Amino acid sequence: SATSSRIRSPRKRSREALNRTQSVKDMCDRIVNCLANFLIKLEEGDAPLVRRTTSGQALNYDKQILAVIQTLAIFCEAKPVLLLPHLDTLSPYLRGDNHLNKADETSVVHLITTILAKTYRLVENPNNAKLVRLSGDLERLVYTQMPHVMNKAIECLCVFGGELGVVAVNDILERIVQKFLKFLRKFRILRTFTDQKPRVRFSIERALIALGTICQYHICIDSVTGTNTVKQVYEIAYHFSNAYKPKAGERIPDCDLSIRGKGIRCLGSVFVRNPALMLQESSQLVITDSLKSADSEGLIQVQILTVFVEILTAHEKGFESKEDLEKRTTISQRVQGDKEIGAGMIGGITQLVTEDVLALLFNKHKLVRNTAILLVGIMVRNGLCNPLKCIESLVACLFDPQSHATANQAIMQISTKNPEFIHLRAVQGIMLSYKFKTSISTESESRIKPSVDVASFQGLDPSLGLGLQDTFSFFSRTYKQSIAKNIKKRKQFLQGMVNEIVKSKTPITIKLYLAANLATLTYSVLEEVLYLFHCIMKYISLKAGMLLDKLEETLVSLNVDIEEIDKEENLTAGENPENMLSHQKERQARISVLFDDIQMAHTYSLLLKLKKYLQNVYGISDAKFHAFDPKKSKSLAAERPFSSLPAKLPEFKGLSLLVVRFLEEVDGVKSRELDDSSTLIVKASYREFRTLMDEENEEPVAEPEEADIDNDVKDSSYVPED
């Protein structure tokens with residue numbers, strides 16, 4: 001597999017590189033020849049023992065034959081032309097009489113039909129008699145095998161009849177279509193299938209899948225059969241996709257739900273080659289109702305999203321010709337710019353449902369979310385939606401372990417095509433992720449934890465050097481790949497995060513969530529953290545001191561003795577009724593101002609705690625920060641990388657749950673008395689804020705001389721600049 005992947009997309013190379021590519025092609029050709037010969041020897045019983053199991057026993061015949069065909073299928077996926085000389089060797093396995101167990105027999109037949117569908121497209125002068133004989137075996141598979149094998153068998157028949165023009169095969173396809181249509185019409189009068197036997201329901205689903213597959217893969221089914229096949233299939237598919245909607249408060253039975261889903265998939269297959277049918281009112285009705293379906297498992301929404309994925313993917317590939325297949329390139333190379341798809345019809349329909357698709361990114365069902373993310377990625381790649389509208393939602397989806405990989409792939413596609421967009425919406429996306437996590441989470445504590453589930457990063461390429469553990473932010477991967485490597489983007493992102501934390505309108509829970517994300521990002525160079533400190537200290541130096549003075553003044557006016565705060569063991573309200581302000585309205589106004597100021601005091605305390613936390617984690621002294629000049633940080637080459645990331649981050653303790661609840665209660669409240677419990681929290685908040693400010697205002701220890709730098713950073717995690 002690794003060898004064959006190197007011959008997928010030849011690019012402009014030097015002569016030496018071209019020679020290496022040709023040698024790889026020759027090597028793959030020899031490997032395929034050896035595998036085909038080994039397959040023949042297996043049939044003749046003359047094959048050598050290729051490997052033994054751990055117990056020392058030889059592999060069974062069925063396992064060896066399955067392994068060989070699986071390997072050939074991999075080479076076919078990479079370069080179908082490699083299998084052309086061996087079609088006669090592989091074709092007999094279609095009969096299904098290979099003396100294997102049922103599961104292995106099904107796997108072998110599925111692999112063979114896949115290989116034949118890919119390779120026969122490349123045959124220049126096919127033997128029609130041979131194709132007709134093969135079609136007989138394929139027709140039998142359509143009626144007897146599982147749906148995934150049936151699909152590949154039909155695809156083969158469509159290649160033979162449509163692309164290779166074998167008339168007899170088209171007659172077989174017409175016979176299959178009419179047989180399935182006749183069967184489905186018997187059930188049109190039914191509203192539910194709960195009374196039908198499971199075998200009947202399964203046959204209905206198979207018939208819908210088969211009809212859709214024929215309409216999808218045959219290039220001109222109507223013209224070769226002489227009947228209005230597409231219209232007939234569309235009408236029957238519309239009926240089965242629209243006939244079993246539940247009434248208000250009624251739960252649709254699972255069997256009816258499954259059949260309705262197959263009807264929608266059949267419609268989608270018809271749309272692939274007939275996009276004009278999507279403009280019909282009946283089609284719009286099915287699409288709209290399906291996207292807004294509220295079944296218990298989200299199965300209908302998954303089906304309609306999958307329909308759009310398949311349609312866009314098929315038109316993205318452009319139904320490759322023989323020449324395209326021979327010179328096949330990657331999707332990213334094939335799709336350059338924002339090209340029209342299907343004369344704009346598919347693109348127009350897709351744009352109409354963009355808002356509904358984006359809403360499904362936050363669906364409670366995992367499969368719905370992942371399919372919606374996949375669709376959004378394809379839409380962005382083809383220019384069918386504004387990337388700026390999608391980035392926030394995709395970033396929010398990063399914080400779901402079950403959707404993280406799919407969302408990151410979609411974001412990387414946007415970053416490749418529009419690298420200037422990600423950092424502009426990343427902050428809003430992280431804020432949106434808080435609402436997303438609270439909507440799908442059943443644990444109240446998880447709403448303020450941005451850390452990842454380590455299992456979601458298993459299999460990640462270690463060369464990326466992300467060092468992701470279960471204590472790092474979900475956003476770390478995207479930050480590392482799309483933002484951190486560009487100094488300007490990185491600065492804008494870090495400054496934007498701090499700005500949102502400082503905004504008075506930002507809820508305290510969101511502030512805490514943003515700070516926790518900043519604490520748990522994967523920082524690679526010293527300058528990243530120092531610039532974050534610079535953003536924090538701009539607010540601290542300009543506003544925090546004035547806020548502390550204002551707090552003291554307000555507390556004194558409310559008869560709270562600030563001189564005794566540090567000495568009190570059991571804090572009380574400290575109110576003297578005789579000394580209360582004469583006007584209650586003025587007192588309430590000052591209390592309201594006090595609560596606002598306390599909230600900002602906690603905001604600045606949160607930033608100072610974040611700074612101290614990162615200093616401890618990455619071993620950064622105050623002197624190192626004071627020596628930092630953000631204007632000089634303009635070159636990635638001049639930045640000082642950390643020698644290693646922490647194996648596991650300690651917990652970032654921003655604000656206590658008691659304080660968070662108090663600040664949520666008083667947020668926006670115009671009239672509230674300063675009772676004992678409130679006074680206790682206010683005093684503790686003031687004391688903490690003043691302590692943090694005093695620590696920050698201490699004179700930094702001087703940076704050691706150049707000769708002593710090694711000793712200074714001996715236990716630090718960064719490497720100083722040479």
Side-chain angles (χ1 to χ4, degrees), residues 1-10 24-25 28-29 31-33 35-36 39 65-96 106-128 130-131 133-135 137-139 141-142 145-166 169 173 213-214 216-219 269 272-273 310 313-331 333-334:
S1 176
T3 304
S4 62
S5 65
R6 296 181 58 185
I7 64 173
R8 284 177 181 267
S9 307
V24 170
K25 290 182 179 179
C28 290
D29 191 44
I31 293 173
V32 170
N33 289 335
L35 289 169
L39 204 57
I65 201 169
L66 178 59
V68 172
I69 294 177
Q70 285 174 332
T71 309
L72 288 171
I74 293 173
F75 279 96
C76 180
E77 178 68 25
K79 199 75 171 176
V81 71
L82 293 172
L83 277 295
L84 278 177
H86 310 290
L87 292 178
D88 291 341
T89 302
L90 298 174
S91 298
Y93 290 94
L94 277 181
R95 301 191 186 101
T106 301
S107 298
V108 166
V109 173
H110 180 250
L111 291 169
I112 294 299
T113 51
T114 303
I115 292 172
L116 296 183
K118 289 180 179 295
T119 52
Y120 264 107
R121 286 188 171 98
L122 306 177
V123 176
E124 295 292 340
N125 298 303
N127 185 323
N128 287 2
K130 184 185 297 183
L131 294 183
R133 287 197 299 271
L134 284 176
S135 299
D137 292 330
L138 292 169
E139 183 180 11
L141 296 178
V142 170
Q145 285 289 343
M146 298 298 290
H148 66 290
V149 179
M150 178 188 69
N151 275 351
K152 285 301 177 181
I154 291 175
E155 185 179 349
C156 282
L157 290 171
C158 291
V159 171
F160 296 170
E163 299 182 27
L164 302 181
V166 183
V169 178
L173 286 170
T213 305
I214 291 173
Q216 177 176 347
Y217 287 105
H218 201 291
I219 58 176
S269 299
V272 171
R273 287 194 183 271
E310 291 179 348
T313 302
H315 283 265
E316 187 176 61
K317 293 179 179 179
F319 298 109
E320 298 160 315
S321 65
K322 296 178 182 179
E323 292 77 12
D324 295 329
L325 287 167
E326 182 62 29
K327 301 176 181 178
R328 185 162 64 173
T329 56
T330 62
I331 287 178
Q333 289 174 311
R334 280 199 301 266

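Values in this document were obtained by computation on a predicted structure and should not be read as measured data.
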Which heavy atom in [X] sits nearest to a heavy atom in [Y], and how many Å separate them?
X	Y	answer
Leu131	Pro126	CD1-CB, 3.7 Å
Val272	Ala314	CG1-CB, 3.6 Å
Ser135	Phe160	OG-CD1, 3.6 Å
Ser91	Leu134	CB-CD2, 3.6 Å
Leu164	Val123	CD2-O, 4.1 Å
Ala117	Cys156	N-SG, 3.5 Å

Min side-chain heavy-atom separation [X]-[Y] under 4.5 Å:
X	Y	result
Tyr93	Ile65	yes
Thr106	His148	yes
Leu87	Tyr120	yes
Leu82	Thr119	no
Val149	Val142	no
Leu116	Leu94	yes
Leu157	Ile214	no
Val81	Leu84	yes

Could you go through Ile154 and Met150, starting from their C-alpha distance and side-chain angles, then the distance that decides it, and tell me whether this counts as side chain to side chain contact (heavy atoms under 4.5 Å, CB included)? CA-CA 6 Å; Ile154 291 175; Met150 178 188 69; 4.0 Å; yes
I'd like to know if the side chain of Asn33 and the backbone of Asp29 have a donor-acceptor N/O pair within less than 3.5 Å. yes
Would Asp88 and Lys130 count as a side chain to side chain contact (heavy atoms under 4.5 Å, CB included) here? Give the steps. CA-CA 10 Å; Asp88 291 341; Lys130 184 185 297 183; 2.9 Å; yes
Worked verdict on Tyr217 versus Val159 for side chain to side chain contact (heavy atoms under 4.5 Å, CB included): CA-CA 8 Å; Tyr217 287 105; Val159 171; over 6 Å; no
Could you state the interatomic distance from CD1 (Ile69) to CD1 (Ile112), rounded to the nearest 0.5 Å? 4.0 Å
Intermediate values then yes/no, side chain to side chain contact (heavy atoms under 4.5 Å, CB included), Leu66 and Leu111: CA-CA 9 Å; Leu66 178 59; Leu111 291 169; 4.1 Å; yes
Derivation and outcome, salt bridge (charged side-chain N to carboxylate O under 4.0 Å, His left out), residues Arg121 and Glu155: CA-CA 11 Å; Arg121 286 188 171 98; Glu155 185 179 349; 3.5 Å; yes
